[in-house]
Number of protein chains: 2
Amino acid sequence: MNAEQWQPPPVLLAVDLLILTLRDSRLQALLVERGVDPFIGRMALPGGFLRDAGEGLGAAAERELREEAGLDAGALHLEQLGVYGEPDRDPRGRVVSVAYLAITPRLPDPIAGSDAAEARWCSVDEIARGDIPLAFDHADILADGVDRARSKIESTALATAFCGDEFTIPELQQVYEAVWGAPVDPRNFYRKVKAAAGLLAPADTSPRKPETGRPARLYRAGPATVIHPPILRSVALA
Amino acid sequence: MNAEQWQPPPVLLAVDLLILTLRDSRLQALLVERGVDPFIGRMALPGGFLRDAGEGLGAAAERELREEAGLDAGALHLEQLGVYGEPDRDPRGRVVSVAYLAITPRLPDPIAGSDAAEARWCSVDEIARGDIPLAFDHADILADGVDRARSKIESTALATAFCGDEFTIPELQQVYEAVWGAPVDPRNFYRKVKAAAGLLAPADTSPRKPETGRPARLYRAGPATVIHPPILRSVALA
DNA sequence: GGAATAGTGTCTATTAGACACTATTTG
DNA sequence: CAAATAGTGTCTAATAGACACTATTCC
């Protein structure tokens, strides 16, 4: 700010994606195996550098989502999580990463159109436990993103982003149980979701037939983004 | 990701600060008048470019806090708000800004050691109303930051960051009223803050004497960062 | 005592959690 | 019918908001 000809240092900007979904009733994240040098062979969040100086951050996130996971950004929830830019996080030099959180419904197993050497879904608990070490500071990003999801489903319609277009109340309950990692009473859950104004809208399709038991009514996401009253966890946060 | 010699485009990284405080029982933000070319003469959030490639983002925020506002980062609350990096936000080229939210207690009026041409406190409501146009996308940053503060004081001890080292319950109530922009019943507020475990700790100093009325007991911030049960706004969000 | 602000108690409508019960499907 | 899952109702303890009251200071 003082020298006449001083120029700010340029940095490289990356975008990393924490893509969460529900599989086998567990919260899982998409990881790719790194095929190039820093942390080669390690699992990491999908992501990459900004393509060119004219690309917007959100646009870059959508592009990576398409390239690395074969997912269409228009169909899923995508929000910025934060910036991770400590000077020593990348051995190649000064790389600042903008992390995005994406939520997607259950998908067919093979990830189509994937750029990366190998992409697979991993349980968030296993990663948090340290069973699957991640490259860079991606474990921090994952922890922050899971925290964000855990708290946002209390007061927003975020949980519906884990479900398909049409879903049942027990399915939605599974989302809450998987994200919170705690059981939920179905009777009280019922009352709460129906009390939350604008969370649910009736679907026009007729219920799917299960193998056994009474078929559940189908709903679709309602118009609300924030819900009131909120659906609070019974147990206090750890 | 395909061409052998492709290099990611470098970008310039800026750090912008939304510094909030309470003055005249109103929520106010520190603004500086821009002395250089893009948006010259307009009010903007204090901030600047990363000094060198080895400077951490948090460190840059602390440095700007010191240089532009004369504030010591150790003494106040500082958290990352988000990244603002649309390609067209700065006419000079590709500048990505990391926004930080800082909360500080009431300060003596003249901002010491300020780098900027002119720094002054402005009411957040006036800015939001558009009475004071801001440079770049700083109005967005301000709106996001105020939203963040409004919701975080419900479930964290953030409100105490607006108070001095020792404060009274009525002072803390003023913080809630100013941040929410809505009156709060003092009797119920009392009950709530005292029920919130770890929010308050008794101060050892004796109460200050007001000009009139009974002196209020002094407290200091307790050990809790998240508070339970939360102190919720009565009225629903707009 | 009167004015002003701090702090406590109480009453009531609402809510959250626990859990019994009824409903609808398949076999 | 039994088994399985969906959905409703009810009881009770805790809570939130409204507001009356008591306490402590200065004049």
Side-chain angles (χ1 to χ4, degrees), chain A residues 25 153-155 159 163-164 166-178 180 182-197 199-203 205-220 222 227-237, chain B residues 25 153-155 159 163-164 166-178 180 182-197 199-203 205-220 222 227-237:
Chain A
S25 303
I153 59 172
E154 293 196 323
S155 54
C163 299
E166 298 191 324
F167 55 88
T168 68
I169 292 182
E171 278 167 12
L172 190 61
Q173 182 185 335
Q174 278 193 38
V175 172
Y176 278 88
E177 295 185 320
W180 284 339
V184 167
D185 182 289
R187 286 83 55 101
N188 294 335
F189 184 75
Y190 235 88
R191 205 179 353 108
K192 289 181 183 188
V193 291
K194 304 204 80 168
L199 176 60
L200 299 179
T205 341
S206 54
R208 301 179 227 121
K209 302 277 172 149
E211 303 203 348
T212 174
R214 172 179 177 176
R217 289 203 271 261
L218 285 171
Y219 296 87
R220 45 179 66 248
I227 58 177
H228 188 83
I231 297 174
L232 300 172
R233 244 179 305 192
S234 305
V235 294
L237 330 167
Chain B
S25 303
I153 59 171
E154 293 195 322
S155 53
C163 298
E166 300 192 323
F167 54 89
T168 69
I169 292 182
E171 276 167 13
L172 190 61
Q173 181 185 337
Q174 277 193 39
V175 171
Y176 278 88
E177 294 185 321
W180 283 339
V184 167
D185 181 289
R187 284 85 53 102
N188 294 335
F189 183 75
Y190 235 89
R191 206 181 352 110
K192 290 181 183 189
V193 291
K194 304 206 81 170
L199 176 60
L200 298 180
T205 342
S206 53
R208 300 180 229 121
K209 303 278 172 146
E211 303 204 349
T212 173
R214 173 179 175 175
R217 289 202 272 259
L218 285 171
Y219 295 87
R220 45 179 66 247
I227 57 177
H228 187 83
I231 297 174
L232 300 171
R233 246 179 304 193
S234 306
V235 295
L237 332 166

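Quick note on labels: first sequence line is chain A, next is B, and so on, each numbered from 1. All heavy atoms count here, side chains included; hydrogens, waters and symmetry mates do not.
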For nucleotides 23-27 of chain C, tabulate all protein N/O to nucleotide N/O atom pairs closer than 3.5 Å, reporting atom names and distance.
residue	atom	partner	partner atom	Å
C/dA23	N3	A/R214	NH1	3.1
C/dT24	O4'	A/R214	NE	3.3

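For the pair B/Q174/B/F167, no side-chain contact is recorded, criterion being any heavy-atom separation below 4.5 Å from C-beta on. Residues B/R217 and B/P202 are not in side-chain contact: their nearest non-hydrogen atoms beyond the backbone lie 4.5 Å or more apart.
Rounded to whole Å, atom P of D/dT5 lies 16 Å from atom CZ of A/R208. Between the CD1 atom of B/I169 and the P atom of D/dT24 there is a distance of 16 Å, given to the nearest Å. Atom CZ of B/R233 and atom P of D/dT15 are 22 Å apart (whole Å). Put simply, CD on B/Q173 is 12 Å from C1' on C/dT5, counting in whole angstrom units. When the C1' atom of C/dC19 is taken as reference, atom CZ of A/F189 falls 18 Å away, rounded to whole Å. Taking atom OH on A/Y219 and atom C1' on D/dA6, their separation rounds to 10 Å, with Å as the unit. Taking atom NZ of A/K192 as the reference point, atom P of D/dG7 lies 18 Å away to the nearest angstrom. Between the CD atom of A/E171 and the P atom of D/dT5 there is a distance of 14 Å, rounded to whole Å.
No donor-acceptor pair closer than 3.5 Å links the side chain of B/Y190 to the backbone N or O of B/I169. Counting only distance, with no hydrogens or angles, the side chain of A/E177 and the backbone of A/V184 share a donor-acceptor pair below 3.5 Å.
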May I have the step-by-step check of side-chain contact (heavy atoms from CB on, under 4.5 Å) for A/I231 and A/I153, ending in yes or no? CA-CA 8 Å; A/I231 297 174; A/I153 59 172; over 6 Å; no

When you look at A/Y219 and A/L199, which way does the side-chain contact (heavy atoms from CB on, under 4.5 Å) test go after all the steps? CA-CA 10 Å; A/Y219 296 87; A/L199 176 60; over 6 Å; no

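From A/D185, atom CG reaches atom NZ of A/K192 across 9.0 Å, with rounding to the nearest 0.5 Å. We find the CG-OG1 distance between A/L200 and A/T168 to be 10.5 Å, quoted to the nearest 0.5 Å.
Using a 4.0 Å heavy-atom criterion, one finds that A/P229 contacts no nucleic acid atom at all.
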Contact state string [nucleotides 8-14 of chain D, B base, S sugar-phosphate only, - no protein heavy atom under 4.0 Å]: BB-----

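Pairing each heavy atom of B/P207 with each of B/A216, the nearest pair is CB-O, 3.3 Å.
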